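Inspection log for the structure reproduced underneath, given as structure tokens.
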Amino acid sequence: MANRSCLLYAFLLLVAFQSSMIMANTVIHTPQCRPVAASSKDKILFSMNLLIYKAEFFLRASVGVGINGISPGLVQGPVPIGATLANITNSARRVIEELGLATVGHLRAIKQVLRSNLPFPGPQLDLSAQVFAGFVNLGFNVSTLSPPFNIYANTPSFVLAAEAISAFIVQYYAGIIPSIVGDEQRQLVAGIGLNEAAAFGVLRTILNDGVNSTVPPYTFTMAELTNRTSEVVNRLGGCGVKDEGLIVPFQLGAENRTTSNVVPGDVNSLAHARFEREILRIVFGTGNATIGTGGLFPDGFIGALYQLIINLKFS
Ligand SMILES: *[C@@H]1O[C@H](CO)[C@@H](O)[C@H](O)[C@H]1NC(C)=O
Ligand SMILES: *[C@@H]1O[C@H](CO)[C@@H](O)[C@H](O)[C@H]1NC(C)=O
Ligand SMILES: *[C@@H]1O[C@H](CO)[C@@H](O)[C@H](O)[C@H]1NC(C)=O
Ligand SMILES: *[C@@H]1O[C@H](CO)[C@@H](O)[C@H](O)[C@H]1NC(C)=O
Ligand SMILES: *[C@@H]1O[C@H](CO)[C@@H](O)[C@H](O)[C@H]1NC(C)=O
Ligand SMILES: *[C@@H]1O[C@H](CO)[C@@H](O)[C@H](O)[C@H]1NC(C)=O
């Protein structure tokens with residue numbers, strides 16, 4: 001009798017384990033996960049919010065200069081909140097600077113294709129350590145880590161934040177590229193998307209070099225941290241598993257044959273796509289695309305597509 005209930009218990013555990021493993025690879029396709037109908041131009045303008053965030057964040061953290069210091073008149077927006085130089089190695093600094101500069105080029109290319117003469121209005125950005133710490137705290141289910149997580153304190157912490165921003169850009173481009181109309185526009189988004197994807201891979205590679213090392217000053221490893229932050233992002237996005245840790249269960253690894261996961265992908269290792277509402281739910285940190293009063297974009301996004309989402313209450 002005791003043996004039978006033991007066996008039953010083991011069986012139930014196995015079932016629970018397997019179903020959670022299958023769930024682990026599930027991507028959700030309900031309406032809140034679909035794209036919002038919009039023109040190619042409005043989708044590209046929506047992406048500029050993310051590109052501007054990345055460029056300002058990478059450049060200010062690596063060399064202490066914003067987009068205006070590199071390419072005056074390209075973007076005109078409020079001064080970002082909480083920018084500071086990051087305490088990172090010289091080799092990381094050079095890489096982050098390069099990737100930030102490349103994104104300035106992407107913004108200029110958009111301006112050229114859209115035949116715009118005026119500076120792009122920029123959104124209010126929050127680049128502060130506190131706003132990133134909020135996401136990490138959620139991952140550990142604590143009100144605050146002790147000491148508070150500081151992305152600017154060291155190379156692994158900063159590169160993790162840089163990688164997260166990069167991921168949203170790659171995922172949004174994976175989402176919109178198939179629907180962009182016009183040769184020039186398609187060439188533009190393919191060129192930006194592929195370059196940004198390469199940048200994302202470089203950042204994941206840097207993180208993966210220290211995957212089993214602890215993240216100072218804590219006792220958890222980078223593998224665990226990427227797992228926890230990915231879980232937070234996926235929970236906020238509400239559309240399944242699209243951000244993935246660096247070490248994963250086999251079911252999330254390429255061909256179900258590896259736990260190494262430098263480059264995340266779906267069941268066929270295709271890039272994960274995220275659309276507008278999903279991105280907003282994440283970057284606002286609220287899990288709600290219409291509550292944009294915090295997170296990385298404290299005043300929301302700029303542009304018609306964002307306004308449409310607000311007006312239609314597409315949370
Ligand atoms: C944190 O809380 C969320 C939601 O309450 C839960 O899904 C998750 O498993 C928890 N994570 C940990 C590491 O306890
Ligand atoms: C800067 O980084 C170095 C190397 O990781 C570390 O030893 C030092 O404590 C850091 N400085 C600050 C102010 O965090
Ligand atoms: C990290 O640890 C995993 C086991 O969890 C191991 O398979 C892998 O080889 C380690 N990677 C590195 C780069 O040390
Ligand atoms: C995080 O790790 C857990 C335990 O290994 C795993 O089930 C889950 O799929 C991982 N999540 C991500 C997003 O990598
Ligand atoms: C990997 O496992 C998933 C279920 O977790 C399954 O849907 C998929 O077909 C498997 N892929 C391969 C290549 O076996
Ligand atoms: C999102 O926030 C709006 C405004 O507060 C609210 O009306 C809506 O119900 C929320 N949506 C969800 C899914 O919580």
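First listed ligand is number 1; within each ligand, the first listed atom is number 1. Not measured: the values here are computed from a predicted model.
The closest approach between D243 and ligand 4 falls below 4.0 Å for a heavy atom of the residue.
The side-chain contact (heavy atoms from CB on, under 4.5 Å) search around E163 returns L160, F200, L203, R204, L207, not counting sequence neighbours. With sequence neighbours left out, F46 forms a ring pair (Phe, Tyr, Trp, His ring centres under 6.0 Å) with Y172, F301.
Contact atoms of ligand 4 toward S230: 13 (C) (distance under 4.0 Å to a heavy atom of the residue). The ligand atoms of ligand 4 that sit less than 4.0 angstrom from a heavy atom of P249 are 6 (C), 7 (O), 9 (O). Of all atoms in ligand 4, numbered sequentially from 1 with element shown, those under 4.0 Å from a heavy atom of E231 are 1 (C), 8 (C), 10 (C), 11 (N), 12 (C), 13 (C). Each of the atoms 12 (C), 14 (O) of ligand 4 lies under 4.0 Å from some heavy atom of G245. Counting atoms of ligand 4 from 1 in the listed order, those under 4.0 Å from a heavy atom of N234 are 13 (C). Near N227, with a cut-off below 4.0 Å to any heavy atom, the atoms of ligand 4 are 1 (C), 2 (O), 3 (C), 8 (C), 10 (C), 11 (N), 12 (C), 14 (O).
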Candidate pair S157 and N150, rule side chain to side chain contact (heavy atoms under 4.5 Å, CB included), full reasoning:
CA-CA 7 Å; S157 300; N150 179 5; over 6 Å; no

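Without hydrogens or angle criteria, R277 side chain to R34 main chain gives no donor-acceptor distance under 3.5 Å. When atom types are taken as modelled, the side chain of E56 and the backbone of I67 share a donor-acceptor pair closer than 3.5 angstrom. For N261 (side chain) and G245 (main-chain N/O), a donor-acceptor pair under 3.5 Å exists by modelled atom type. The backbone N or O of L145 sits less than 3.5 Å from a side-chain atom of N137, completing a donor-acceptor pair. Checked by atom type and distance alone, the side chain of K242 never pairs as donor or acceptor with a backbone atom of A271 at under 3.5 Å.
Among residue pairs with one or both ends in residues 50-107, those qualifying as ring pair (Phe, Tyr, Trp, His ring centres under 6.0 Å) are Y53-F57, Y53-F297, F57-F132, F57-F158; sequence neighbours excluded.
In terms of polar-atom proximity, defined here as any N/O pair under 3.5 Å, N212 does make such a contact with ligand 3. On a distance-only criterion, L252 and ligand 4 share no N/O pair closer than 3.5 Å.
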Inventory of protein N or O atoms under 3.5 Å from ligand 2 N or O:
from, atom 1, to, atom 2, distance (Å)
ligand 2, 2 (O), N87, OD1, 3.4
ligand 2, 2 (O), N87, ND2, 2.3
ligand 2, 11 (N), N87, ND2, 2.8
ligand 2, 14 (O), N87, ND2, 3.4

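The one candidate from I180, V113, L114, D183 that meets the side-chain contact (heavy atoms from CB on, under 4.5 Å) condition with L188 is V113.
Clustering ILVMFWY residues whenever any of their side-chain heavy atoms sit less than 4.5 angstrom apart, transitively, puts V181 in a cluster other than the one holding V36.
Here N261 has no heavy atoms under 4.0 Å from ligand 4, in either its backbone or its side chain.
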